[in-house]
Every structure is written in C-alpha cells, then in structure tokens.
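Throughout, numbering of the chain's residues begins at 1 and tracks the sequence.
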Amino acid sequence: TKDCSILTSEKQFTKEGYLSDYKDSLGSGNITREKVETSIGWLETVYYTEDGLKIKFAENYYNKEDLMLKSISYHSDVVFNITNYFYNEMGRKTKKEEIAYIEDVREKTISFFDEYGSFSSFEIYRDGVLSDQGKFDITYEFDEKGNWVQSTVITEFSTDIHNRTITYY
C-alpha cells in the first residue's frame with residue numbers, strides 16, 4: 001500500500017508578490033548579504049563571519065525581474081555547487097540544473113517543473129552517466145481565480161496532498 005501524507009506550510013507575501021522577510025534582507029546572525037547591480041540584473045553575495053573572518057558562502061545572480069538565474073556555493077573558497085535556473089515566458093521555473101562536486105565525483109541533478117511550478121521529474125547523472133530518474137503524477141484543484149489550492153502528487157512510493165490557502169488583496 002502507499003502512504004498518504006498531507007503537508008501544510010504557510011508563507012506570507014507582500015502586495016508586490018515578494019516573499020515577506022526575504023527580499024532585500026540585510027542578513028541575520030553571522031550571515032551578511034551584499035547586493036550589486038549588474039548589466040542583466042543584480043548579484044547577491046552571501047558571506048558567513050566566523051572568528052571575525054568574512055568568508056564568501058555563495059553568489060546568487062538575478063535578472064531584472066528578480067528571478068534567480070544562477071547560484072554558486074563555496075566551501076573554503078572552492079566551488080562545490082553550481083545551480084542554474086530556467087524559466088518560461090511567464091517567469092515560471094521550468095528546469096533547475098545543479099552540479100555538485102563530491103570528492104572525485106561530478107554529480108548533475110536536473111529537476112523539471114510543470115506549468116504550475118511544481119517539481120514533476122528529475123534525472124541524476126554521475127560523471128556524465130544517467131544513474132537515476134523519476135517522474136511524478138500531479139493533479140490539481142483550482143479556486144475561482146484559477147490558482148491551484150490543492151495538488152496531489154503520486155509516486156511509486158506514496159501519495160502526497162499539498163493544500164494552500166491564498167488570500168487576495
């Protein structure tokens with residue numbers, strides 16, 4: 001039999017559509033962020049401070065529509081993860097390619113997203129060879145404005161139901 005779980009989370013957005021407490025945050029604790037405009041948008045550099053030493057943790061590249069295009073993660077000034085994001089004409093994420101350098105293995109994970117932005121399938125390559133893949137069957141229920149309020153994700157292992165409540169201004 002398949003397990004069925006119901007997941008609930010709550011996120012608050014500004015009237016402009018940005019996730020509250022995220023956009024332009026100055027950082028908290030030992031994390032600081034610096035924002036610099038670029039020709040295609042902006043670059044956010046994330047630093048971690050330890051024992052008074054400022055260490056570069058990540059570089060996040062955004063376009064002028066504030067969509068993240070690329071993220072580079074560092075460990076001891078060495079790149080260990082590069083993630084590229086791809087979007088459709090409406091600004092919805094369609095694909096994410098993540099390259100991780102794990103010891104002597106180069107692992108590339110490609111995540112695909114459906115027309116509603118939900119994670120729908122993946123492929124994992126190790127040193128250029130396909131080593132794993134998966135696809136999810138997703139169905140939706142919509143509110144009167146055409147936004148999905150419930151998604152049901154069916155895999156070979158489980159059925160997950162995701163509910164969301166949208167407050168319109």
Side-chain angles (χ1 to χ4, degrees), residues 1-29 31-46 57-73 81-100 107-125 130 132-169:
T1 65
K2 292 184 181 182
D3 291 331
C4 182
S5 64
I6 296 177
L7 302 176
T8 303
S9 65
E10 182 175 321
K11 295 180 182 169
Q12 300 289 323
F13 293 84
T14 65
K15 288 184 180 180
E16 295 81 25
Y18 297 109
L19 186 59
S20 296
D21 299 327
Y22 178 74
K23 179 151 174 54
D24 295 327
S25 64
L26 296 175
S28 61
I31 302 291
T32 57
R33 301 167 188 275
E34 295 177 3
K35 180 179 175 179
V36 176
E37 287 191 38
T38 67
S39 61
I40 61 163
W42 56 282
L43 164 64
E44 173 190 50
T45 305
V46 182
F57 182 73
E59 293 176 340
N60 300 317
Y61 296 85
Y62 296 83
N63 66 13
K64 292 181 180 178
E65 290 77 37
D66 288 335
L67 296 174
M68 185 182 286
L69 303 174
K70 182 181 219 173
S71 178
I72 303 173
S73 299
N81 188 301
I82 300 172
T83 305
N84 292 293
Y85 300 88
F86 302 87
Y87 303 89
N88 64 16
E89 311 78 42
M90 295 173 46
R92 290 201 173 129
K93 188 174 4 178
T94 58
K95 183 169 73 167
K96 177 177 84 169
E97 292 183 357
E98 183 176 9
I99 300 171
E107 182 174 282
K108 180 177 184 177
T109 302
I110 304 173
S111 301
F112 298 94
F113 301 85
D114 67 14
E115 65 270 25
Y116 304 106
S118 296
F119 177 50
S120 59
S121 64
F122 69 91
E123 297 173 351
I124 299 174
Y125 296 84
L130 181 65
D132 197 7
Q133 61 184 358
K135 185 169 175 55
F136 313 110
D137 181 27
I138 305 173
T139 58
Y140 295 92
E141 291 182 24
F142 300 89
D143 66 9
E144 64 280 352
K145 293 192 179 267
N147 293 305
W148 72 265
V149 292
Q150 184 178 76
S151 70
T152 303
V153 181
I154 300 170
T155 70
E156 63 181 289
F157 304 108
S158 67
T159 298
D160 297 317
I161 298 171
H162 305 266
N163 293 299
R164 71 179 189 177
T165 303
I166 301 171
T167 303
Y168 295 101
Y169 293 95

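Once rounded to the nearest 0.5 Å, the distance linking NZ of K93 with CG of N88 reads 12.0 Å. Taking CG from N81 and CD from E107, the interatomic distance works out to 10.0 Å, rounded to the nearest 0.5 Å. Expressed to the nearest 0.5 Å, how far NZ of K96 lies from CG of N84 amounts to 11.5 Å. Interatomic distance, Y87 OH to L69 CG, rounded to the nearest 0.5 Å: 6.5 Å. Between atom NZ of residue K108 and atom CG of residue L130 there is a gap of 11.5 Å, rounded to the nearest 0.5 Å. Distance check: E44 CD to T38 OG1 gives 12.5 Å after rounding to the nearest 0.5 Å.
Of all heavy-atom pairs between K135 and S121, the closest is CA-CB, 3.9 Å. For R164 against I166, the heavy-atom pair with the smallest separation is NE-CD1, 3.8 Å. Nearest heavy-atom pair, N60 versus V46, reported as atom, atom and distance to 0.1 Å: ND2-CG2, 3.8 Å.
Residues Y85 and T83 have side chains in contact (heavy-atom distance under 4.5 Å, counting atoms from C-beta outward). Side-chain atoms of I72 and Y61, non-hydrogen and from C-beta on, do get closer than 4.5 Å to each other. Looking at T45 and V36, their side chains never come closer than 4.5 Å, going by heavy atoms from C-beta outward. For the pair F119 and I138, the minimum side-chain heavy-atom distance is 4.5 Å or more. Under the 4.5 Å side-chain criterion, counting only non-hydrogen atoms from C-beta, E97 is in contact with K95.
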For residues 109-116, please give each side-chain donor-acceptor pair under 3.5 Å, one per line with the distance, not counting sequence neighbours.
residue : atom : partner : partner atom : Å
D114    : OD1  : Y116    : N            : 2.9
D114    : OD1  : G117    : N            : 3.2
D114    : OD1  : S118    : N            : 3.0
D114    : OD1  : Y140    : OH           : 3.2
D114    : OD2  : Y140    : OH           : 2.3

Donor-acceptor contacts under 3.5 Å from residues 144-153 side chains, at least two apart:
residue : atom : partner : partner atom : Å
N147    : ND2  : Y168    : OH           : 2.7
Q150    : NE2  : N163    : OD1          : 2.7

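When the options T159, T155, I154 are evaluated for a side chain to side chain contact (heavy atoms under 4.5 Å, CB included) with D137, the one that passes is I154.
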Check the pair F122 / D132 against side chain to side chain contact (heavy atoms under 4.5 Å, CB included), numbers first and verdict last. CA-CA 8 Å; F122 69 91; D132 197 7; 4.0 Å; yes

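In the displayed structure, F57 atom CZ is contacted under 6.0 Å by at most 12 heavy atoms of other residues, nucleotides or ligands.
Checked against side chain to side chain donor-acceptor pair (under 3.5 Å), Q133 has no partners two or more places apart in sequence or in another chain.
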